[in-house]
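One structure below.
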Amino acid sequence: MPNTRRATSRLVPSPRGGVLSVEVSGAPDGHPVFLMHGTPGSRSGPRPRSIVLYRMGVRLVSYDRPGYGGSSRMPGRRVADAADDVAAIADALELGRFGVIGRSGGGPHALACAALLADRVTRAAALVGIAPPDAPGLAWFDGMAQSNTNDYDMADRDVALFTERLLARADRARRDPESLMAGLRAELTHSDLRVIDDTAMRRLITDTYAEAMRFGGHGWVDDALAFRREWGFQLSDVSGEVLLWHGADDAFSPVGHTEWLASRIAHARVQVQADTAHFGAVEILPQALAWVTAGP
């Protein structure tokens, strides 16, 4: 049996200059699946252990979006640009077709791949994702936690002030990753608290925050701005099968966003789980991987 206990890391040239920091784990000859991390997040985000991935027959590829961790920043990037990044990484790894899963802020980026790399993406999943800012008929902020509402509203009104404040928060999180979790705690549901109060899971989450902000918070800023601008692709171009999963009690990305996405994606399979919220997406990742890899 090959060594399945260690992930391998490498730098891949970015299609727009600079590098993308990539990590590969699981079965070397397994079904390739890209995991798009949350916001903020990094390639080292919570995922099944390599031995579990090996037994599932999954070769999991994760990378830092530009501006996070070890990936070069690309100011002004759009959600759609993730498709070029994934294609470049897939080419470097000599992958033809692959699945894509996006968690939270990774959800829109996974959908971008499904739309723009339709000939290469076998199946895609968006877990606790969000809808585009111009989604007709969707009250975008309804049911959203006040912290997120305040951030996105400021991003819309004053980019400079938003950037200044988020970079300061990112610097605090870099020095003390627990501070980010502590700031969220008042808005977390009981089910989310159960997830993050698990010692091992909390360590995984805080470690990925620390890695995300290792060289500053610009990846976080650029993610948030990209979500509130035109995404650069049409959901109607998503022609393959897509799993949309959401915790019913999620306040950080309300379930109405997934319901709206389902109305615009032709082959969407929707799962809304009761008594579960935002961090439930971490727990159901193995099921999402099983579904994605069961495709053609």
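Residue numbers run from 1 in the order of the sequence given. The structure presented is a predicted model; accordingly, all values stated were derived computationally and were not measured.
For the pair His37 (side chain) and Arg65 (backbone), a donor-acceptor distance under 3.5 Å is present. Ser191 contributes no side-chain N or O that, together with a main-chain N or O of Thr189, makes up a donor-acceptor pair within less than 3.5 Å.
Salt bridge status for Asp119 with Arg97: absent, with no side-chain N to carboxylate O gap under 4.0 Å. Of the charged side-chain nitrogens involved, none lies within less than 4.0 Å of a carboxylate oxygen, so that Arg194 and Asp198 do not count as a salt-bridged pair. Between Glu23 and Arg47 a salt bridge is recorded (basic side-chain N to carboxylate O distance below 4.0 Å).
Rounding to the nearest 0.5 Å gives a distance of 12.0 Å between OG of Ser25 and CZ of Arg43. Note: Leu235 CG to Leu111 CG = 6.5 Å, rounded to the nearest 0.5 Å. In this structure, CG in Leu127 is found 6.5 Å from CG in Leu243, a value given to the nearest 0.5 Å.
The two atoms that bring Pro66 and Leu20 nearest to each other are CG-CD2, 4.2 Å, heavy atoms only.
With Trp245 as the aromatic partner, Arg103 does not meet the cation-pi criteria of under 6.0 angstrom to the ring centre and within 45 degrees of the ring axis. Cation-pi geometry between Arg78 and Trp231 is not met at under 6.0 angstrom from the ring centre and within 45 degrees of the axis.
Checking Tyr63, Phe34, Phe227, Tyr68 one by one against His109, the ring-ring contact (aromatic ring centres under 6.0 Å, His included) holds for a single residue, Phe227. When Arg157, Arg169, Arg228, Arg165 are each tested for a salt bridge (Lys or Arg N to Asp or Glu O under 4.0 Å) with Asp151, only one passes: Arg169.
Both Val255 and Val270 belong to a common hydrophobic cluster when Ile, Leu, Val, Met, Phe, Trp and Tyr are linked at side-chain heavy-atom distances under 4.5 angstrom.
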